[in-house]
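Note that the structure is a prediction, hence the values are computed from the model and not measured. All values below were derived from every heavy atom in this structure, side-chain atoms included, with hydrogens, water molecules and symmetry-related copies excluded. Sequence lines set the chain letters: A, B, ... in the order given, protein chains first and strands last, and positions in each chain run from 1.
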Amino acid sequence: MVKSIFYSKLNNPDKTSKIPLIFDLRIYFMHNCESHDHAELELHKIRHSLAHILAQAVLEVRPKAELGFGPAIETGFFYDFLLEEPLTSEDLKDLEKRMKKIIRSGQKFECSTKSETDAKTMLLEMGQKLKAEYAEELSSKGLELSFYQNGNFIDLCEGPHVEKSSQIADNCFVLDSIAGSYWRGDSSKQVLTRIYGLAFLNREQLDQFLTERKLAQERDHRKLGKELEIYHMDDEIGQGLPLWLPNGTVLREELETYAKEIEFQAGYVRVATPHITKENLYYRSGHLPYYKETMYSPIEIDGENYYLKPMNCPHHHKIYGSRPRSYRELPLRLAEYGTCYRYESSGALSGLLRVRALSMNDAHIYCREDQVKDEFNAVLQMHKNYYEKFRISRYWVRLSLHAADKNKFIDGEDRWQFAENIVRSCLEEVGIEFKSEAGEAAFYGPKVDFQIRNVIGREETASTNQLDFAIASRFDLKYTGEDGKEHEPFIIHRAPLGTHERFLAFLIEHFGGAFPTWMAPVQVRLVPVSEAFLGYAQEISLILHKEGFRVVLDDSSDSFSKKIRNAVTKKIPNIFVIGDNEVQNRTVTWRRYCVKDQITMPLSRIINLLKQMRSDRTMDNFADEVLPMGLE
RNA sequence: GCCUGGUUAGCUCAACGGUAGAGCAGCUGUUUUGUAAACAGCAGGUUGGGGGUUCAAAUCCCUUACCAGGCUCCA
């Protein structure tokens, strides 16, 4: 009953930001867009045809433009052009008009095939050198070269397309943005100009997408991070080096405490390691030759180079190797919220999602061969539990396997097979759906990567679990077995909560800035109806503070309504309203974030409730999380 | 790192070759309020930094730092 009062409105729009509490652009960002559903196919044809029409329009204003690729994508289409004279976002409106004109002219899309020679001759005559290059490549793979022509425009393309341009509603698309790209995605090749378009079956769907994208931008962690004073980036500190403000630090520490408790229960022990390390360690680990360009330049001291650590593994390996190990003490699980530094390319940096200073929920598990499976299973189970706890459903899991590339992956086909089989069967046993991808493994073993998309659709690896069968020998890590002989341990690298930076960026967006009571920077805001009740409010404030709650008393001279508003815009989960009635009866009136209905209860009772919510880590920012203590 | 665009008060924005302005936040008063913005006043800016063009630059040009959207990369 009370539950329904408290949560009935939670899924309604939050009046402050005008966004639903739990909002999901998933429908637009579904990974598997290969559905063969009829409408999907129609939409695909429309998008793909629009890409051609865009190219047609660009050729009208830039006749010498060379065409790159122009596919349909999840939200529309793009086309890449090699231009002598640049196009800018100001040209998009004009191009859009030209596209509409082409659409209305009702051009037919006609397919034809050509031999390699004919195709190349024609493409080169048209000045389409990039396409000619691609035609040659396709042909060398034995593929047929098909062309689609509409009006005076012809393009090498496998289709499919609409039959006539007039089948496309001329208001169902919009040119969205302009960006750079590289030919064949290779940064050593030509720089192309990419124009992105949004396209849907009709205007309503386009408008809906635009509206929802706008709402999604409202919960962008960079916006909320500023509004809720979570972190600050400062030019004088450096790119990608966030300053965690007091509110953000609460979030980090709550998350960390939670992880520490879970890891303690799971038999981990904690370690701490320095931020800088001698160069040689990274030669030993094998990282330096591969990752030098993504490490900060070394600091020279006493004739030696020291690097800021880009990962914690070598340090943990050194801890393992600090004395002889017996099979009896395995598995050894070393955990650290280690701070690392990576010189990420400046263009990749983005709020907290991609930074240069990061703290990782890292641990390394050193175990025997007969323990690998149970350990990896436990890791995946822990990972799954975290995701369920935080209600993270917008992710996909990649099983990253090796490929035949001696430069990227260490030798040993048998060992790769062994490790990959274990990882795959663990995923199956724990019941995590995954997609295998060859060539994505770490150089020392297979990985299970949890891929998330942020609220505006950018995909990142949220966390990763790896089975390493190779590094132990580089570090000469051994244990004495039951047989009295030396053996090499397997190492599991795992970071289910990824980094504070990325995970919190994701949670900020996932929760729209409204954190559960246990995490919230301010857990309770006391709002007296007028200054006459400040005394009782102060008393409550002291009690709550003594109980360890993060409580703020609003003793401003703002109007009562304004005080409520201020508390709500800060997305504080619990507001205690205090007026005459409350003073008389030693109660408080409890108003939850985003919920107007409220409940008055004795002070002692509400404190017990809060304590229980805190110790249970209730996800009270979700509609269905049940309140404790029989409030129903 | 690359391509394109951007940077005006703490925040969100206006002024687009001719005296930098508003709302919110802040501060000071008045107001003491029962559920999302009381009222008044004050203060706040060498328009990211540097250089140039011009009688005159927030506005045009160059350069640098940073930001955004992509691309590349991602142990």
Side-chain angles (χ1 to χ4, degrees), chain A residues 14-16 68 78 80-81 83 86-92 176-196 217 220 222-223 226-227 229 232-240 282 285-288 290-295 309-314 340 342-351 354 360 408 440-445 447 449 456-458 460-461 464 466 468 471 493 495 527-534 555-569 575 577-582 589 591 594-598 600:
Chain A
D14 155 359
K15 274 171 78 179
T16 311
F78 70 75
D80 285 340
F81 306 96
L83 301 167
L87 283 167
T88 71
S89 44
E90 296 191 354
D91 298 308
L92 296 183
D176 191 38
S177 63
I178 197 153
S181 66
Y182 299 107
W183 173 236
R184 311 305 305 269
D186 181 340
S187 57
S188 67
K189 297 209 162 114
Q190 295 96 318
V191 173
L192 309 176
T193 301
R194 175 172 296 180
I195 297 177
Y196 281 94
Q217 284 161 351
D220 187 313
R222 290 165 298 187
K223 186 175 158 68
K226 192 180 274 186
E227 286 171 7
E229 299 185 59
H232 171 70
M233 294 285 197
D234 196 292
D235 285 5
E236 290 194 88
I237 301 289
Q239 275 187 294
Y282 298 112
S285 69
H287 286 101
L288 200 46
Y290 295 105
Y291 300 110
K292 196 176 167 104
E293 73 284 359
T294 47
M295 289 166 71
K309 70 171 169 183
M311 80 291 287
N312 306 301
C313 347
C340 300
R342 296 179 181 182
Y343 188 74
E344 299 283 359
S345 40
S346 60
L349 301 174
S350 177
R354 183 66 74 91
M360 215 188 304
K408 276 180 84 178
E440 292 292 321
F443 68 85
Y444 45 71
K447 300 192 291 177
D449 295 320
I456 55 171
R458 185 163 164 159
E460 294 281 1
T461 301
T464 181
Q466 307 163 357
D468 173 354
I471 296 294
H493 305 236
V527 178
V529 170
S530 84
E531 82 183 359
F533 314 111
L534 266 177
D555 58 359
S556 70
S557 64
D558 287 329
S559 67
F560 178 66
S561 291
K562 184 64 179 292
K563 288 182 203 171
I564 295 287
R565 179 187 161 80
N566 284 341
V568 174
T569 51
I575 298 173
V577 175
I578 294 143
D580 195 36
N581 178 33
E582 287 75 14
T589 294
R591 186 195 205 272
C594 245
V595 184
K596 254 199 156 147
D597 301 293
Q598 49 195 1
T600 301

Q) Which is true for Gln466(A) with a 4.0 Å heavy-atom rule: it touches a base, it touches only sugar-phosphate, or it touches nothing? A) sugar-phosphate
(Q) Does the plane of the ring in Tyr444(A) sit parallel, tilted or perpendicular to the ring in His287(A)? Use 30° and 60° as the thresholds. (A) perpendicular
Q: Have a look at Val191(A) and say if it touches a base, only the backbone sugar-phosphate, or nothing, with a 4.0 Å heavy-atom cut-off.
A: sugar-phosphate
Q. Should Ser346(A) be listed as having a side-chain N or O under 4.0 Å from OP1 or OP2 of G1(B)?
A. yes
Q.
On the side chain of Tyr182(A), is there an atom forming a donor-acceptor pair with the base of G1(B) - under 3.5 Å, no angle test?
A. yes
(Q) In whole Å, measure the gap between the C1' atoms of G52(B) and G1(B) for me. (A) 29 Å
Q. Any N or O donor-acceptor pair linking the side chain of Thr294(A) to the base of A75(B) at under 3.5 Å?
A. yes
Q. Would one find a side-chain N or O of Ser181(A) under 4.0 angstrom from OP1 or OP2 of C71(B)?
A. no
Q) If each of Tyr196(A) and Ser556(A) is mapped to the nucleotide of RNA chain B with the nearest heavy atom, which maps nearer the 5' terminus, i.e. the 5' end? A) Ser556(A)
Q) Base, sugar-phosphate, or nothing: which does Asn566(A) touch, judged by heavy atoms less than 4.0 Å apart? A) nothing
Q) Would the number of heavy atoms belonging to other residues, nucleotides or ligands and lying under 6.0 Å from CD of Glu90(A) be above 12? A) no
(Q) Over all strands shown, is Lys563(A) touching base, sugar-phosphate only, or nothing at heavy-atom distances under 4.0 angstrom? (A) nothing
Q: Have a look at Thr589(A) and say if it touches a base, only the backbone sugar-phosphate, or nothing, with a 4.0 Å heavy-atom cut-off.
A: base
Q: Look at Asp220(A) together with Arg222(A) and state whether they make a salt bridge at an N to O cut-off of under 4.0 Å.
A: yes
**Q.** hbond_proxy Glu582(A) side chain to G34(B) base (donor-acceptor, 3.5 Å cutoff)
**A.** yes
Q.
Both Arg184(A) and Pro86(A) contact RNA chain B. Taking the nearest nucleotide for each, which residue is further toward the 5' end?
A. Pro86(A)
Q. Could a donor-acceptor pair under 3.5 angstrom be found where the side chain of Arg222(A) meets the base of C67(B)?
A. no
(Q) Using a distance-only criterion (donor-acceptor N/O pair, under 3.5 Å, no hydrogens), is the base of U35(B) paired with the side chain of Gln598(A)? (A) yes
